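All remarks here apply to the structure that follows.
Here is the naming used below: chain letters follow the sequence lines, and residue numbers restart at 1 for every chain. Computed over heavy atoms, backbone and side chain alike; hydrogens, waters and symmetry mates excluded. Not measured: the values here are computed from a predicted model.
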Number of protein chains: 2
Amino acid sequence: MARVNSVRPQSGSGSPTLDEVARVAGVSRATASRAINGGQRVSPRAQSAVDLAVRTLGYVPNPAARSLVTRRTDSIAVVVPEPDDRVFTDPFFAGTLRGVTRVLGERDIQLVLLLARPGASTARTLRYLTGRHVDGALVVSHHRDDRLAEHLSDIGLPCVFGGRPWTGGDRVAYVDVDNTAGEREVTELLITGGRTRIGTVAGPSDMTAAADRLAGWRQAMTAAGLAADAVEHGDFTEESGVHATRALMERHPDLDGLVVASDLMAAGALRVLAELGRRVPDDVAVVGFDDLGVAERTTPTLTTVRQPVVAMAERATRLLLERVDQAEGSHPMRLIIPPALVRRDSA
Amino acid sequence: MARVNSVRPQSGSGSPTLDEVARVAGVSRATASRAINGGQRVSPRAQSAVDLAVRTLGYVPNPAARSLVTRRTDSIAVVVPEPDDRVFTDPFFAGTLRGVTRVLGERDIQLVLLLARPGASTARTLRYLTGRHVDGALVVSHHRDDRLAEHLSDIGLPCVFGGRPWTGGDRVAYVDVDNTAGEREVTELLITGGRTRIGTVAGPSDMTAAADRLAGWRQAMTAAGLAADAVEHGDFTEESGVHATRALMERHPDLDGLVVASDLMAAGALRVLAELGRRVPDDVAVVGFDDLGVAERTTPTLTTVRQPVVAMAERATRLLLERVDQAEGSHPMRLIIPPALVRRDSA
DNA sequence: CAAAAGTTTGGGAGCGCTTCCACTAGACGC
DNA sequence: GCGTCTAGTGGAAGCGCTCCCAAACTTTTG
């Protein structure tokens with residue numbers, strides 16, 4: 001401890017190592033390591049010596065070396081198998097990322113954004129995840145054919161899906177809103193309101209959220225003895241909502257209700273209806289899905305189904321971290337959030 | 001080579017290691033490593049033996065071990081010192097991320113999203129970056145007091161700023177649009193159009209983009225001998241644009257021109273003007289800044305200054321990767337993009 | 001045909017960290 | 001007074017990889 005030695009970092013070889021900290025603190029590398037990581041089984045004396053050394057040296061542990069032995073990286077991936085331009089315009093992703101970062105911020109875990117463009121790069125994503133660059137993965141918006149659920153469960157990487165996966169739903173955990181119930185209820189709202197000719201602008205048919213919402217609409221329609229034949233698909237963007245609504249109104253000019261699978265698409269629908277001179281809700285009642293800000297800003301404001309995206313993302317992230325912590329084990333769990341109707345002016 | 005040995009991965013100890021690949025391929029670990037990394041100095045025979053072993057074993061290199069020795073992590077951070085709710089609503093960030101991911105996708109580099117909330121977590125961000133978790137950093141929207149430029153240049157981590165940093169601009173590289181020139185020109189447009197009473201809704205005064213645009217407006221005004229006294233600050237959000245415009249119009253009801261420092265704020269301004277019954281552009285001409293989609297969707301559509309955000313982010317990322325590659329050296333470089341006026345209906 | 005030059009190869013030394021384990025001191029009980 | 005605990009410590013063994021270097025082999029050349 002009283003040993004005289006040079007205190008300066010060894011020959012400017014870059015950042016100081018644990019070895020140097022130990023030398024400066026006058027303890028062994030093992031003790032220094034313990035002191036830095038929580039300080040179990042370390043005397044107060046040694047602890048403060050190490051603390052001081054860390055501070056004077058400006059020591060920061062080398063993450064690669066650490067994770068080589070701990071087998072942890074303290075980072076998780078958010079996987080978004082979606083063309084990048086869609087990701088960054090949809091408030092759904094914005095909300096998701098917000099929820100994730102909020103939870104991650106509580107602990108010292110970082111977020112790796114994995115944008116898997118369609119096709120080829122799924123393989124790359126998979127390779128990345130297999131390589132254990134991250135401790136876990138949150139898959140956000142996946143499509144039928146990426147088979148991500150199976151692949152991830154094969155790899156054995158802790159993961160949670162945001163939204164029910166197509167297949168392998170029994171092998172992975174997921175958090176989802178009850179899409180079917182939500183769309184059913186909001187459709188029933190229109191029916192109760194006296195609408196009899198209700199069409200739907202559904203989402204892309206390779207996504208479960210879209211399929212489930214479509215199913216909800218169908219259930220309500222058939223239960224009420226109404227024809228469930230006016231269906232058009234979009235891809236959740238406003239643009240696609242415009243096209244789908246145009247097509248729908250052309251084929252079924254008599255529609256008096258429109259159940260749209262996302263607010264963004266509903267905003268497009270409202271624009272088309274305005275062009276067509278139909279009054280909303282007088283001539284045509286319109287409902288959306290999501291309630292992430294857009295619904296409040298349309299004219300008229302949108303009656304919709306609220307999907308608490310931020311909260312869901314937080315839950316999903318917590319779930320993921322739990323699974324990461326208790327390593328393996330813990331069988332898949334699903335968390336289904338009840339949807340909430342939000343009545344505004346469009347229906 | 002003809003040695004008989006068990007080919008199956010050693011005792012289910014998790015993922016196969018390079019050692020196992022080497023054993024299966026009948027070569028040394030060194031040769032296997034070479035074969036896997038580019039295959040310089042490897043005979044075709046050995047190469048294919050290794051390739052086969054990799055494939056049958058499903059080998060994926062352990063990134064921690066690799067980066068422990070290479071001192072590369074093959075990932076870069078995008079640092080956003082901004083409250084998370086702003087990040088995900090502003091099309092500016094969306095565009096930036098898009099540019100970044102596009103370039104990163106070309107190589108096998110991952111993106112770590114570092115959202116530094118104001119205050120305390122800047123320290124954490126800095127610690128993370130100091131720890132060399134990433135090979136470089138792209139700082140996107142920084143504020144005056146985070147002093148990120150100095151800190152990063154101290155750390156010695158390759159970094160590029162999106163937008164001129166407040167201080168330390170001579171020590172770090174950055175890519176920026178010529179904010180001053182852009183705002184000056186668009187102001188001159190109003191002046192040429194015969195407007196004489198032109199106010200401005202500026203951005204937050206702790207951001208260089210805002211300060212530079214304000215300066216551009218001032219230059220044009222004073223050069224034309226007009227009073228540059230109608231100034232109000234917002235924070236680039238639509239909401240703040242509403243407040244600022246309201247305050248501005250109250251104090252200066254005679255304004256016939258409005259130079260707004262972002263399209264989002266300009267959208268807010270348009271709403272206020274509509275409320276106030278002023279016709280745009282007849283009574284008041286309005287111009288924005290950014291042109292990232294919002295400007296096309298307002299009523300009337302917005303005359304604005306185009307900032308090619310995606311392209312800029314791409315350039316910035318390329319610049320960053322260059323700096324990462326040639327390690328250290330290469331003195332700071334700045335890339336100033338000329339702005340482009342986009343004429344629409346609002347002025 | 002030997003020497004020189006080039007090409008492949010494997011041994012081995014780390015990269016910086018955590019953690020097992022054996023060991024030393026005091027604290028404590030009888 | 002002497003075992004018996006317990007808290008604290010350091011030595012050393014890896015984690016899985018890259019890369020230097022010298023050895024072994026192949027080709028070229030005089």
We want to know whether A:R71 and B:N62 form a side-chain donor-acceptor pair, criterion being a heavy-atom distance below 3.5 angstrom.
no

Can you name the residues that form a side-chain contact (heavy atoms from CB on, under 4.5 Å) with [X], not counting sequence neighbours?
X	result
B:A313	B:T96, B:V100
A:S75	A:T73, A:Q110, A:V112, A:V134
A:S141	A:E82, A:F93, A:H143, A:M207

Output all residues satisfying salt bridge (Lys or Arg N to Asp or Glu O under 4.0 Å) with B:R318, sequence neighbours left out; order by chain, then residue number.
B:E106

With sequence neighbours left out, the residues meeting salt bridge (Lys or Arg N to Asp or Glu O under 4.0 Å) with A:R334 are none

Which is true for A:S43 with a 4.0 Å heavy-atom rule: it touches a base, it touches only sugar-phosphate, or it touches nothing?
sugar-phosphate

Identify whether any heavy atom of B:A46 sits under 4.0 Å from a base atom; if not, whether one sits that close to sugar-phosphate; answer base, sugar-phosphate or nothing.
sugar-phosphate

The bend of the helix from C:dC1-D:dG30 to C:dC30-D:dG1, taken between the axes of its five terminal pairs at each end and rounded to 10°, is 40°

Spacing of [X] atom [atom1] relative to [N] atom [atom2], expressed in whole Å:
X	N	atom1	atom2	result
A:Q40	D:dA7	CD	P	11 Å
A:R45	D:dA7	CZ	P	20 Å
A:Q47	D:dA7	CD	P	16 Å
B:R34	C:dT8	CZ	P	11 Å
A:R66	C:dC17	CZ	P	8 Å
B:L18	C:dC15	CG	P	19 Å
A:L68	D:dT18	CG	C1'	13 Å
A:Y59	C:dG16	OH	P	10 Å

Picking from D:dT9, C:dG16, C:dT9, the nucleotide nearest the side-chain atoms of B:T31 would be C:dT9

Nearest to the B:A30 side chain among C:dT19, D:dC17, C:dG10, which nucleotide is it?
C:dG10

Is B:R41 side chain donor-acceptor paired with the C:dG6 base, going by distance under 3.5 Å alone?
no

Kindly indicate whether the side chain of B:R71 and the base of C:dG16 share any N or O donor-acceptor pair separated by less than 3.5 Å?
no

Can you say whether the rings of A:Y128 and A:H133 are parallel (under 30°), tilted (30 to 60°) or perpendicular (over 60°)?
parallel

Are OP1 or OP2 of D:dT18 and a side-chain N or O of B:N37 less than 4.0 angstrom apart?
yes

Does D:dG10 have its OP1 or OP2 closer than 4.0 Å to a side-chain nitrogen or oxygen of A:S28?
yes

Residue mapping more 5' on DNA chain D - nearest nucleotide basis, A:A65 or B:I36
A:A65

With nearest nucleotide decided by heavy atoms, which residue, A:V42 or A:R29, maps closer to the 5′ end of DNA chain D?
A:V42

